[in-house]
Amino acid sequence: QVQLVESGGGLVQPGGSLRLSCAASGIGLSRYVMGWYRQAPGKHRELVATITIGGNTNYADSMQGRFTISRDNAKNTVYLQMNSLKPEDTAVYYCNARNQYILGIYYWGQGTQVTVSS
């Protein structure tokens with residue numbers, strides 16, 4: 001019954017922008033730390049950004065200043081605004097929800113493909 005569904009991925013030119021969305025069902029995001037991760041072929045999944053229940057954000061160094069994570073608990077949705085995209089940003093982007101109060105309760109979405117190319 002729990003689902004995280006990412007959307008908004010696609011093909012974009014270098015320097016362009018995309019906004020990803022993660023819509024959750026079956027859980028209330030008010031109890032979850034949310035995050036975006038990405039994985040390129042042949043590489044490990046890496047952190048992009050996280051946002052706490054209180055709205056505090058953290059970013060990987062290479063994403064700071066270009067990406068912005070936000071949340072709307074009323075809509076059960078998390079967003080990732082991506083600007084100044086580079087070919088190195090090409091990857092599958094995954095949404096993650098981690099329960100802040102109960103150890104071991106977490107969920108992953110299926111991912112959305114982002115391709116940055118001319």
Side-chain angles (χ1 to χ4, degrees):
Q1 291 185 329
V2 176
Q3 283 191 299
L4 301 178
V5 180
E6 301 96 335
S7 62
L11 176 64
V12 65
Q13 293 184 340
S17 298
L18 285 174
R19 189 176 79 154
L20 307 183
S21 298
C22 173
S25 60
I27 58 172
L29 294 191
S30 63
R31 300 180 64 83
Y32 288 81
V33 177
M34 303 301 298
W36 286 96
Y37 296 76
R38 70 185 187 186
Q39 187 169 20
K43 294 192 173 184
H44 296 291
R45 190 170 299 185
E46 66 174 345
L47 170 72
V48 174
T50 61
I51 183 167
T52 68
I53 293 170
N56 296 117
T57 58
N58 288 284
Y59 300 90
D61 289 344
S62 63
M63 268 67 79
Q64 287 187 349
R66 299 189 299 125
F67 292 6
T68 302
I69 187 172
S70 61
R71 66 191 297 160
D72 187 337
N73 288 350
K75 296 182 181 294
N76 251 19
T77 301
V78 178
Y79 306 94
L80 182 69
Q81 178 67 46
M82 304 187 294
N83 300 323
S84 302
L85 285 164
K86 306 173 182 179
E88 306 93 272
D89 296 319
T90 296
V92 177
Y93 284 71
Y94 297 91
C95 180
N96 172 268
R98 176 175 60 82
N99 194 300
Q100 185 164 300
Y101 308 103
I102 304 176
L103 181 66
I105 296 182
Y106 59 92
Y107 304 96
W108 289 97
Q110 292 298 112
T112 184
Q113 177 72 48
V114 172
T115 302
V116 184
S117 176
S118 298

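Separation of atoms CZ (F67) and CE (M82) is listed at 5.5 Å; rounding is to 0.5 Å. We find the CG-CG distance between L4 and N96 to be 7.5 Å, quoted to the nearest 0.5 Å. We find the OG-CD distance between S62 and E88 to be 9.0 Å, quoted to the nearest 0.5 Å. To the nearest 0.5 angstrom, Q113 atom CD is 12.0 Å from E6 atom CD. The structure places OH of Y94 at 9.0 Å from CH2 of W108, a figure rounded to the nearest 0.5 Å. Atom CD1 of I105 is separated from atom CD of Q100 by 13.0 Å, given to the nearest 0.5 angstrom.
For I69 against T50, the heavy-atom pair with the smallest separation is CG2-O, 3.7 Å. The shortest heavy-atom contact between V116 and T90 is N-OG1, 2.9 Å. Looking at every heavy atom in both residues, R66 comes nearest to L85 through NH1-CA, 4.0 Å.
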So N73 and R71, side chain to side chain donor-acceptor pair (under 3.5 Å) or not? Walk me through it. CA-CA 6 Å; N73 288 350; R71 66 191 297 160; 2.9 Å; yes

Could you go through Y101 and I53, starting from their C-alpha distance and side-chain angles, then the distance that decides it, and tell me whether this counts as side-chain contact (heavy atoms from CB on, under 4.5 Å)? CA-CA 11 Å; Y101 308 103; I53 293 170; 3.7 Å; yes

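Side-chain contact between N99 and Y106 is absent, with no heavy atoms from C-beta onward closer than 4.5 Å. Using a 4.5 Å cut-off on side-chain heavy atoms (C-beta onward), L47 and Y59 make no contact.
Of the possible donor and acceptor atoms, none in the side chain of S117 sits under 3.5 Å from a partner among the backbone N and O of T115. The backbone N or O of G9 lies less than 3.5 Å from a partner atom in the side chain of T112, making a donor-acceptor pair.
By the criterion of side-chain heavy atoms lying less than 4.5 angstrom apart, applied directly or through intervening Ile, Leu, Val, Met, Phe, Trp or Tyr residues, V92 is not grouped with M63; the two fall into different hydrophobic clusters. Both V2 and I102 are part of a single hydrophobic cluster, where members link through side-chain heavy atoms under 4.5 Å apart.
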Going by atom type alone, with no hydrogens or angles, which donor-acceptor pairs under 3.5 Å involve a side-chain atom of residues 10-36 and a protein atom two or more places apart or on another chain?
residue : atom : partner : partner atom : Å
S17     : OG   : N83     : OD1          : 2.9
W36     : NE1  : Y79     : O            : 3.4

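R38 meets the salt bridge (Lys or Arg N to Asp or Glu O under 4.0 Å) test with E46, D89; sequence neighbours excluded.
At most 12 heavy atoms of other shown residues, nucleotides or ligands fall within 6.0 angstrom of atom CD in Q3.
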